[in-house]
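A short worksheet on the structure shown next.
We count ligands from 1, going down the list as the structure has it; atoms in each ligand are counted the same way.
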Amino acid sequence: MAFSYMPGFGNDFETETLPGSLPQGRNSPQRPAYGLYAEQLSGSPFTAPRGTNERSWLYRIRPSVRHTGRFKAEKYPLWKSAPNVGDHELALGQYRWNPVPMPKEPTDFIAGMRSITTAGDVLGQTGMAAHVYVANRSMADDHFFNADGELLIVPQVGALRFVTEMGVIELRPGEIAVLPRGLVFKVELVDETVRGYVCENYGAKLTLPDRGPIGANCLANPRDFKTPCAWFEDKETPCRLIVKWCGQFHVTELDHSPLDVVAWHGNYSPYKYDLATFSPVGAILFDHPDPSIFTVLTAPSGEEGTANIDFVIFPPRWLVAENTFRPPWYHRNIMSEFMGLIHGQYDAKEEGFVPGGISLHNLMLAHGPDATGFEKAFHADLKPVKLDNTMAFMFETRFPQMLTRYAAEVETRQDNYIDCWADLKKRFNGTPEGDWS
Ligand SMILES: [Fe+2]
């Protein structure tokens with residue numbers, strides 16, 4: 001079955017599965033068509049300024065109060081929330097991991113969530129968590145919503161299907177999806193085994209960055225974002241709803257499916273985006289701009305220019321700068337950088353950072369090209385070069401990212417990452433030419 005989408009970012013969408021199921025001219029008629037219940041899902045306070053005010057009206061078979069019963073506690077011990085400080089013995093450092101191992105036991109998307117870092121405070125609605133998901137089983141009758149934040153999903157292996165109460169999103173590596181806070185969904189696997197990255201955003205919603213002098217086009221263009229059309233099921237069989245709420249998990253039993261929204265309208269909705277449609281902008285003579293030039297989505301923190309989260313990609317592009325060290329420069333950063341590689345090779349690391357891997361460069365910890373990458377770049381013949389077949393990304397936050405015990409102890413953590421810079425030798429010899437031998 002092919003699912004359809006509506007184009008645009010943050011539009012006021014409307015969609016119905018049955019003719020006339022979406023009320024026109026009002027939100028809450030006395031008797032909605034088909035015997036549906038009208039329900040508002042708010043993504044912002046009622047009184048938020050118009051530009052950031054988000055809500056949708058859902059017309060559903062049962063109101064959501066019938067999709068919860070009595071809750072009982074549930075455990076997902078590898079999904080952590082901030083603050084999660086001091087649960088391991090690993091000292092401060094720059095860290096890198098090979099891909100998180102695939103599960104051997106049957107594991108669905110929720111049980112397969114492995115938190116790598118947490119930042120900020122889930123109760124204060126600031127900060128984020130960076131996770132990796134691994135799964136080999138679809139969620140058949142289990143459903144989930146996250147009251148703690150929106151989820152930015154970055155698949156790395158395998159295609160999946162997010163069956164949400166507002167429609168179905170099919171997602172494959174190279175695309176991303178954002179599921180807003182509170183949205184009920186389940187995850188079906190299209191491929192047998194899947195893996196990817198998740199940024200759980202506790203703070204204000206991700207939005208498009210301002211473009212400043214770049215103007216009205218390029219980077220991520222709004223029309224390339226896709227929001228699913230309405231989809232529902234009328235299923236009267238036992239189901240469960242799992243809720244993540246203030247870092248804790250709870251489960252409730254239902255005798256029907258909660259995915260029963262027949263029509264909806266509004267601007268609070270899930271969406272997906274194909275990273276291949278990002279139009280990169282960069283230096284066309286010398287030097288290079290800061291990596292913020294590759295920001296796809298940004299979540300503000302309340303302090304101007306200081307993001308709670310920036311989602312940044314490093315896509316295929318031409319390198320043309322003259323008399324320039326072309327890889328990323330060495331740097332220390334007040335923001336904290338969690339990086340992943342979807343496929344290919346990243347231009348600052350010749351080896352060791354593999355697809356599915358992770359690197360973490362935290363608040364004020366130095367990093368940059370490894371010794372081999374540096375050697376190659378300073379010897380390079382600076383003709384135009386296409387950096388191709390690559391897609392790396394970064395979850396960057398203003399908050400330090402605290403490692404979880406899982407990340408500290410998992411066997412795929414590389415003990416020798418710091419050694420990648422060991423061969424950067426002294427080239428200063430007191431002469432203006434230096435020693436570039
Ligand atoms: Fe960096």
Side-chain angles (χ1 to χ4, degrees), residues 92-98 116-120 127-130 132 152 154 197 199 201 209 219 275 278 280-283 287-299 301 305-317 319 321 324-342 344-378 387 390-403 407 413-414 416-424:
L92 180 68
Q94 300 92 330
Y95 287 113
R96 193 165 67 186
W97 291 260
N98 290 330
I116 306 297
T117 69
T118 67
M128 55 162 271
V132 169
L152 164 63
V154 184
Y197 308 86
C199 182
N201 174 15
L219 310 187
L275 298 175
F278 184 88
V281 169
D287 278 356
H288 36 102
D290 292 313
S292 46
I293 196 74
F294 297 139
T295 302
V296 181
L297 292 165
T298 184
S301 72
T306 305
N308 186 49
I309 298 163
D310 281 327
F311 173 63
V312 175
I313 60 170
F314 301 92
R317 60 200 183 272
L319 305 178
T324 291
F325 182 76
R326 286 182 176 174
W329 15 247
Y330 294 96
H331 60 288
R332 293 174 292 164
N333 192 352
I334 194 166
M335 306 282 278
S336 296
E337 308 173 12
F338 174 105
M339 280 194 66
L341 186 60
I342 301 167
Q345 188 187 23
Y346 176 61
D347 63 331
K349 296 293 188 299
E350 288 297 309
E351 54 189 41
F353 185 36
V354 300
I358 301 164
S359 70
L360 180 67
H361 302 126
N362 239 318
L363 171 72
M364 286 300 166
L365 291 191
H367 55 287
D370 58 22
T372 321
F374 181 87
E375 288 275 336
K376 243 172 121 171
F378 88 77
L387 195 62
T390 181
M391 188 61 81
F393 73 90
M394 178 159 69
F395 302 148
E396 191 182 53
T397 171
R398 66 176 299 182
F399 299 104
Q401 296 191 40
M402 312 308 288
L403 274 191
R413 186 174 65 77
Q414 299 174 5
N416 60 349
Y417 178 41
I418 190 75
D419 300 336
C420 79
W421 297 293
D423 290 338
L424 287 167

> So do Asn308 and Asn201 actually touch side chain to side chain, heavy atoms under 4.5 Å?
Replying inline: yes
> Should the ring pair Phe338 and Phe393 be called parallel, tilted or perpendicular, given that the plane angle runs from 0 to 90° and is split at 30 and 60?
Replying inline: tilted
> Parallel, tilted or perpendicular: which fits the ring planes of Trp329 and His288, with parallel below 30° and perpendicular above 60°?
Replying inline: parallel
> Given side chains that start at C-beta, do those of Asn362 and Thr117 come closer than 4.5 Å, heavy atoms only?
Replying inline: no
> Hey, does Val154 have a side-chain heavy atom less than 4.5 Å from the side chain of Phe311?
Replying inline: yes
> What protein N/O/S atoms are found closer than 2.8 Å to the Fe ion (ligand 1)?
Replying inline: His331 NE2, Glu337 OE1, Glu337 OE2, His367 NE2
> Are the side chains of Ile358 and Tyr197 in touch, meaning some heavy atoms are under 4.5 Å apart?
Replying inline: yes
